Amino acid sequence: MTAPFSASPENFPPAFDSERADRLIEELAPEARSLLDDSTRRSLIRSVAGNSPYLARSMLKEGLFLRELFEYGPDVILDRLENSALAIAEETDLALAMQRLRIAKREAALAIALADIAGVYPLELVTERLTRFADACVKGALRHLLAEDARKAGRTDTPGQLEATTGLVVIAMGKHGAFELNYSSDIDLIVFYEEERFPFVLRGDKRMAAVDLVKRLVKLLAESTVEGCVFRVDLRLRPDAGATQIAISTEAAELYYESMGQNWERAAWIKARQCAGDAEAGAQFLKNMEPFIWRKHLDFAAIEDIHSIKRQIHAHSGHSRIAVSGHNIKLGRGGIREIEVFAQTQQLILGGRDRSLRERTTVGALRALHARGHISETAMADLEKAYRVLRTLEHRLQMIEDQQIHTLPKTPDGIDHVARFMGYEDTVSFEEELRSRLASVQGHYSRLFESEAPLASKAGSLVFTGVEEDPETVATLARMGFERPADISSIIRGWHHGRIRATRSARARELLTKLMPALLEA
C-alpha cells in the first residue's frame, strides 16, 4: 500500500500563484485545518493550490474528504471511490445516481492529482487509477440502467447477473483501453450487442432497445449538472460512425471489419479492451476480432498502407527550432502521437506472426519491439523518456482547469506557469528540456521508413484516418488554398470509409491514400 503522502517537500512544484495558495490556506474548511500543522502536508497543499485553480476549488469544497485522503492515503480512498461508483447499480433514482457519480469523480480527481503532484504515484499508476475509476463508473452506470430495464420487463435478476448475461459488450478504446487515460480525458467506447442473448426490446425491436440504453448511458456519464460531469463519452470509433447507430450487433460489426475495416482501425483496436458488459460475449467477440487486427499474411500493398499511417504526417527534416509557445504536445511535431504511431505501425506489420508484440500500452510496445530486435536500445530509451515527460506535461496542463487540452499557452506568463507546475524554478530550463525531448522523438520518427515516398505535402500533414479532424491537416489544406478545409477533410475521410462505390474495396482505398497528395496539389 502507498504511504500517505510521505514524499519530500523539496520535490513539490513551486507555487506559481503564491497569493492564491495563501488565500486557500486561510479559507480551508475547519475539518481540514489540522493538516496545516504538518509542514509536508502544508507544502503540498500550497503547491497544488498555487498551480491549479480547479484543484484549489476542489480542496475548499471537500474539506472532510481532504483530511481523510491525507489520513488514509490515496490507495484506500480510491478503492473506496471505485466501490462507490459500482454501488450506484443499486440506486433506483437516476438523479441521485448521477449526483453520486459526479461527486465521486471530483474526489477521485483530487486524490489522483495530489498523489501525482506529490510524487507518490508514478505515471503508470496515475493512468491506471484514472482508468480503473472510469471502468467502475461505466460498469456501475450500465448495471443501473440494465436493472431499470429489467424492472420494466418484470425481471428479478440482480444488476450483476444482468450485466453478465445480456449479451451487451462495452469496449474501451484508445488510452482507456490501454490503462493510459489522461487526467481530464474523454473515454472512447464502442458498444455491441449479441442479438441472441440481448433480452430487451423497444417497440418490438432489439436494436432500438440497445440504442436507447447507450443513449441513457451517455447521459448518465456525460451530461453536465451542477456537480459537473463524470466523463465525456466519445462513440465515434465504432464502425463507420457517420452512418451507423451507437449500438451495433456483433454480427454486423464483424461483417464490417471483414469487408471494410481500415488499417487505422486495426491500429486503434490494438488498445481495445472490454471494460463492462457480458464477459462471455465480449471474450468471443474479441477472439473473433483477432484475425482482423493481427494479420499473419500481408501483401506489399497492405504493408504500404500501414506505413501510410505514418507517412501522412509531415516529418520536418533538418534542425529547425521547435517553438514551445502554443505547441500541441499530442499532435504537433515530436508529440505523443508520433511516439504512438512509431510503435503501432510496426506492431501491425509484425504482430500477426509474433504475439509478444501485441502490447496495449505504448511503453510496453516500445520495450517489446526492442526485445525482439526491431528497434535500438537508444530509440526505445529516448522515446520512453519523452513519452513520460510529455504525458506528465499533458496531465499538468489539464489539471490547471480540468480541461482536455494538449496545447501549451501562447503567453510568456502561461509558459512560466506550466514550467513551475512541472517543477522547474526557471522557464528557460523547462523550454530547453522540452525542445530536446520533442526533437528526439522527431528524429526517431522521421527515420522510420525514411526511404519511402512521403504521403504528406510540402505544406504539411495530410492525415485522413480516424474519426476527427486532424488540426495540422486542416491547416495544410488551408495553406494549399482550400476555402473550406474542414469540409474537404471530412469528405475525403468519408471516401476512406467506402461511402462511394469506387472506394469500397481495400485496394481502392490503398490507392486513394497514395494518390491523395497529388490530387490535392492538382
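The structure displayed is predicted, hence computed values, not measured ones. We're numbering straight along the sequence, starting at 1. FYI, side chains are in, hydrogens and waters are out, and symmetry mates aren't considered; it's all heavy atoms of this structure.
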Determine which pairs satisfy side chain to side chain donor-acceptor pair (under 3.5 Å) with at least one residue from [range], sequence neighbours left out, and list them in order.
range: residues 281-291; value: E254-N288, Q284-N288
range: residues 197-209; value: R197-D278
range: residues 241-253; value: R238-T244

Would V170 and I190 count as a side chain to side chain contact (heavy atoms under 4.5 Å, CB included) if you check the C-alpha gap in whole Å, the side-chain angles of each, and the deciding distance to 0.1 Å? CA-CA 6 Å; V170 183; I190 311 181; over 6 Å; no
Separation of [Y] [atom2] from [X] [atom1] (nearest 0.5 Å):
X: E258; Y: L255; atom1: CD; atom2: CG; result: 6.5 Å
X: M173; Y: W269; atom1: CE; atom2: CH2; result: 5.0 Å
X: L477; Y: I488; atom1: CG; atom2: CD1; result: 7.0 Å
X: I293; Y: L348; atom1: CD1; atom2: CG; result: 9.5 Å
X: I246; Y: L189; atom1: CD1; atom2: CG; result: 11.0 Å
X: L78; Y: L130; atom1: CG; atom2: CG; result: 9.0 Å

May I ask you to test the [X]-[Y] pair for a side-chain heavy-atom distance under 4.5 Å?
X: I171; Y: C275; value: no
X: M380; Y: H374; value: no
X: I187; Y: D234; value: no
X: R360; Y: I270; value: no
X: R388; Y: E384; value: yes
X: L366; Y: I339; value: yes
X: L235; Y: V218; value: yes
X: T476; Y: L520; value: no

Compare every heavy atom of [Y] with every heavy atom of [X], then report the nearest pair and how far apart it is.
X: E359; Y: A368; value: CG-CB, 4.2 Å
X: L142; Y: A276; value: CD2-CB, 4.1 Å
X: L181; Y: A134; value: CD1-CB, 3.6 Å
X: A147; Y: A89; value: CB-O, 4.3 Å
X: P485; Y: V474; value: CB-O, 3.4 Å
X: C229; Y: A222; value: CB-O, 3.5 Å

Please determine, by modelled atom types, if [X] and [Y] share a side-chain donor-acceptor pair under 3.5 angstrom.
X: N182; Y: H395; result: no
X: R80; Y: N83; result: no
X: Y121; Y: D75; result: yes

Looking at Q344, E340, Q346, which hits side-chain contact (heavy atoms from CB on, under 4.5 Å) with F342?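 For F342, the side-chain contact (heavy atoms from CB on, under 4.5 Å) test succeeds with only one of Q344, E340, Q346, which is Q346.
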Scan for salt bridge (Lys or Arg N to Asp or Glu O under 4.0 Å) pairs involving [range], sequence neighbours excluded, and state none if there are none.
range: residues 267-276; result: D135-R273, E180-K271
range: residues 138-149; result: K139-E163, R143-E163, E148-R216, D149-R216
range: residues 86-102; result: E91-R100

Mind telling me whether H496 and F464 have parallel, tilted or perpendicular rings, with 30° and 60° as the class edges?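 Judged by the thresholds at 30° and 60°, the geometry between F464 and H496 is parallel.
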Does this structure show an ion pair linking D240 with R493, if we count only N-O contacts that are shorter than 4.0 Å?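 No, D240 and R493 are not salt-bridged.
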Salt bridge between K105 and E227, side-chain N to carboxylate O under 4.0 Å?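 No, K105 and E227 are not salt-bridged.
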Should we count [atom1] of [X] as having more than 12 external heavy atoms under 6.0 Å?
X: R232; atom1: CZ; value: yes
X: E401; atom1: CD; value: yes
X: K296; atom1: NZ; value: no
X: R151; atom1: CZ; value: yes
X: Q404; atom1: CD; value: yes

Filter on ring-ring contact (aromatic ring centres under 6.0 Å, His included), then keep only pairs touching residues 125-181, sequence neighbours left out; what's left?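 Residue pairs passing ring-ring contact (aromatic ring centres under 6.0 Å, His included), neighbours aside: none found.
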Under the ring-ring contact (aromatic ring centres under 6.0 Å, His included) definition, can you give me all pairs with a residue in residues 196-227, not counting sequence neighbours?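 Sorted result for residues 196-227: Y193-F198, F198-F200.
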Side chain to side chain contact (heavy atoms under 4.5 Å, CB included) evaluation trace for Y54 with I400: CA-CA 6 Å; Y54 165 71; I400 292 172; over 6 Å; no
Determine yes or no for a side-chain-to-main-chain donor-acceptor pair under 3.5 angstrom, with [X] supplying the side chain and [Y] the backbone.
X: Q398; Y: S184; value: yes
X: Q161; Y: D157; value: no
X: T166; Y: L162; value: yes
X: T407; Y: H327; value: no

Please enumerate all residues that pass salt bridge (Lys or Arg N to Asp or Glu O under 4.0 Å) together with K215, with sequence neighbours excluded.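 With neighbours one apart ignored, the set is empty.
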Carefully, step by step, assess F231 and D186 under the rule side chain to side chain contact (heavy atoms under 4.5 Å, CB included). CA-CA 6 Å; F231 290 99; D186 293 357; over 6 Å; no
The criterion is ring-ring contact (aromatic ring centres under 6.0 Å, His included); which residues satisfy it with F292, sequence neighbours excluded?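 If we apply the ring-ring contact (aromatic ring centres under 6.0 Å, His included) test to F292, skipping adjacent residues, the hits are Y257.
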What residues, two or more places apart in sequence or in another chain, satisfy side chain to side chain donor-acceptor pair (under 3.5 Å) together with Q403?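 Side chain to side chain donor-acceptor pair (under 3.5 Å) list for Q403, sorted by chain: empty.
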Apply side chain to side chain donor-acceptor pair (under 3.5 Å) to E394 and list each qualifying residue two or more places apart in sequence or on a separate chain.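 R391, H406.
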Step-by-step side chain to side chain contact (heavy atoms under 4.5 Å, CB included) determination, L357 to R372: CA-CA 8 Å; L357 300 178; R372 302 297 285 179; 3.8 Å; yes
